[in-house]
Structures are given as structure tokens and as C-alpha cells.
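Data first, discussion second: the structure below is written as C-alpha cells.
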There are 2 protein chains.
Amino acid sequence: MAETKKLEIEESTIIRTAAIAKALGHPARIAILKILAGQNSCFCGDITEILPLAQSTVSQHLKALKDAGLINGTVEGVRTCYCLNPDGIKELNEFLSRLSTDLMSTCC
Amino acid sequence: MAETKKLEIEESTIIRTAAIAKALGHPARIAILKILAGQNSCFCGDITEILPLAQSTVSQHLKALKDAGLINGTVEGVRTCYCLNPDGIKELNEFLSRLSTDLMSTCC
DNA sequence: TTTCTTAATCGTAATTATACGATAAAAATA
DNA sequence: TATTTTTATCGTATAATTACGATTAAGAAA
């Protein structure tokens, strides 16, 4: 039973880790995160000017990052102000560094 | 020019980071990496017994991990012996921890 | 009120990912 | 040699991703 429970926890960790990694799994989304890290807030239009992508595509990537819990978006009038979500970024750090540790410890 | 060069380097880093993250972006592949970390070598058939996936599907995931440089496969007679690729895992650790650091430093 | 701006969503097309069974190839075994 | 074992690959179906332009909705400005 303890075994089963441990397995369930492990599995949900795997699923969450994979979901975070998936959100990072496109150059545009990595770039967006770095842009948001460089300034403490940003609008979709600003990102669209920086990246060689259409506004609708940038909006889609922003949605993916938001769904993964890595960024927040707060409506400010006609625009939406995006910024990194501290909780999500902490989770990203925790889950991925834990994975790295697990893999490194038995490998390198 | 220094600026342009820096940008190119940055972009290749972003692309590689995204590629590594993409390889991690599926629960089955995270599970496979953990299985390989638990023992220093493994055959496709062993993994197929552990995971609820068909042999051909496991083989596909192994190929994805190999293409991303995260695992090695050496043919041993009729079987293939898979194990973590230390270089790839080091890269994983470097690129993702650097990303975490970049995002954490301005966020949390 | 009308026009403009901004971002989300819709519709769509093309590509990629995921999963499976079936098959093929190569080595081990009978 | 014939059979078995193991894994990669093929063929295929379905779903998801990625990208774009067009449209919509909501607020700001004229």
C-alpha cells in the first residue's frame, strides 16, 4: 500500500515534470520566458515586435505558458500584462533540478 | 557585430534548450530516463514490461531520447543495451539549470 | 458616437507526435 | 537448417502542434 501510494505520487510528479518540460519545448516559448525575465512585465504586442511571429501565434504561445502555470496575465484595459509566475518558476526549478539530480547521481 | 554574434549564440542555446525540454516533454520518456537511471543498462523489452505501452511505441520513445542525445544504445547481439548518455545528461543539467537561474534571478 | 488599438479567438492548413499491429532483419538457439 | 527471440521499422490512424490571416470583443481616444 505504501508502495502503491509512492507510485502514484511518483507518477503525478512525472506527469507534472513532463508538462513543464513540454511548455519549455519550443524555442519561441523559451524566448518569451527570457523576455519576460528581462523586464518585470510585458504586453503581447511588445513580444510580437521582438519575435518573427504573428500576433496570433505569440498569443497562442502565451496561452500555453499560462496553462502550464509558468506565467501570469493580468488585463490592463485593452492590453494584457504578462509576467513570470513565481510559483510556476519555482516549480520549474524544483522539478527539473530534481530530475537532473536523479539522472546525474547514477550517471555522471 | 559583437551584438549579432551574441544573439546567434543565444539563439542556438535557446534552440538546444528547447530540444532537450521537448525530449523530456512526455511522461513515458521521463519514466524511461528514470528507469535507465535506476540500473546502468536496460533493454527495450524490459522497459516494455514496465510501461503500459507497446514495444514499437517504447522503441519510438527510445529513438526520440537517443536523437536528443540523452541516451546511448549499443547493440548486444539481438538486443540493444540502452543507458543514459553522461554528456547529454550533463548538457541537460547545464542548460536547464542555467534557464532556471536566469528566470529565478529576476522573478523570485 | 465613431474610430482606433490591443489581444483573444476562430477557422484553417500543414506538419509533427503518439500509438498500435504487422513485418523485417539479425542473432541466438534448437 | 529451422525456429525463436529481440528490436527496429513500416504502414496507418488519430490527435496535437504550429502557424497564419480574419474576426471579435473590449477599452481608449477622437
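The figures that follow rest on heavy atoms only: side chains count, while hydrogens, waters and symmetry mates do not. The sequence lines fix the lettering, A, B, ..., with proteins before strands; numbering per chain opens at 1.
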Check for a donor-acceptor pair, side chain of B/S105 on one end and backbone N or O of B/T101 on the other, with a separation under 3.5 Å.
yes
Any donor-acceptor N/O pair, A/N85 side chain to A/G69 backbone, under 3.5 Å
yes
Please identify each residue that fulfils side chain to side chain contact (heavy atoms under 4.5 Å, CB included) with A/I35, with sequence neighbours left out.
A/Q39, A/C42, A/I47, A/I50, A/L51
What are the atom names and distances for every N/O pair under 3.5 Å that joins the protein to nucleotides 13-17 of chain D?
| unit_1 | atom_1 | unit_2 | atom_2 | d |
| --- | --- | --- | --- | --- |
| D/dT17 | OP1 | A/K22 | NZ | 2.8 |

Would you mind listing every salt bridge (charged side-chain N to carboxylate O under 4.0 Å, His left out) that reaches into residues 37-55 of chain A, with sequence neighbours excluded?
none
Pairs satisfying ring pair (Phe, Tyr, Trp, His ring centres under 6.0 Å), at least one member in residues 75-94 of chain B, at least two apart:
none
Heavy atoms within less than 4.0 Å of DNA chain D: which residues of residues 67-80 of chain A have one? Give them sorted by number.
A/G77, A/V78
For residues A/K34 and B/L103, report the shortest heavy-atom separation together with the two atoms involved.
N-CD2, 4.3 Å
Listed partners of A/S56 passing side chain to side chain contact (heavy atoms under 4.5 Å, CB included), at least two apart
A/A54
Taking only residues at least two apart or on different chains, which pairs with a member in residues 42-67 of chain A satisfy ring pair (Phe, Tyr, Trp, His ring centres under 6.0 Å)?
A/H26-A/H61
Would you please name every residue forming a salt bridge (charged side-chain N to carboxylate O under 4.0 Å, His left out) with B/R16, sequence neighbours left out?
B/E91
Listing request: all salt bridge (charged side-chain N to carboxylate O under 4.0 Å, His left out) pairs with a residue in residues 50-59 of chain B, at least two apart in sequence or in separate chains.
none
Close approaches to DNA chain C from residues 47-59 of chain B, in residue order (heavy atom, under 4.0 Å):
B/L53, B/A54, B/S56, B/T57
Show every salt bridge (charged side-chain N to carboxylate O under 4.0 Å, His left out) that has at least one partner inside residues 67-77 of chain B, sequence neighbours left out.
B/K63-B/D67
Taking any atom closer than 4.0 angstrom to a non-hydrogen atom of chain A, what span of DNA chain C does the protein reach, first nucleotide to last?
C/dT5 to C/dT9
When you measure from the side chain of A/T17 to the backbone N and O of A/T13, does any donor-acceptor pair fall under 3.5 Å?
yes
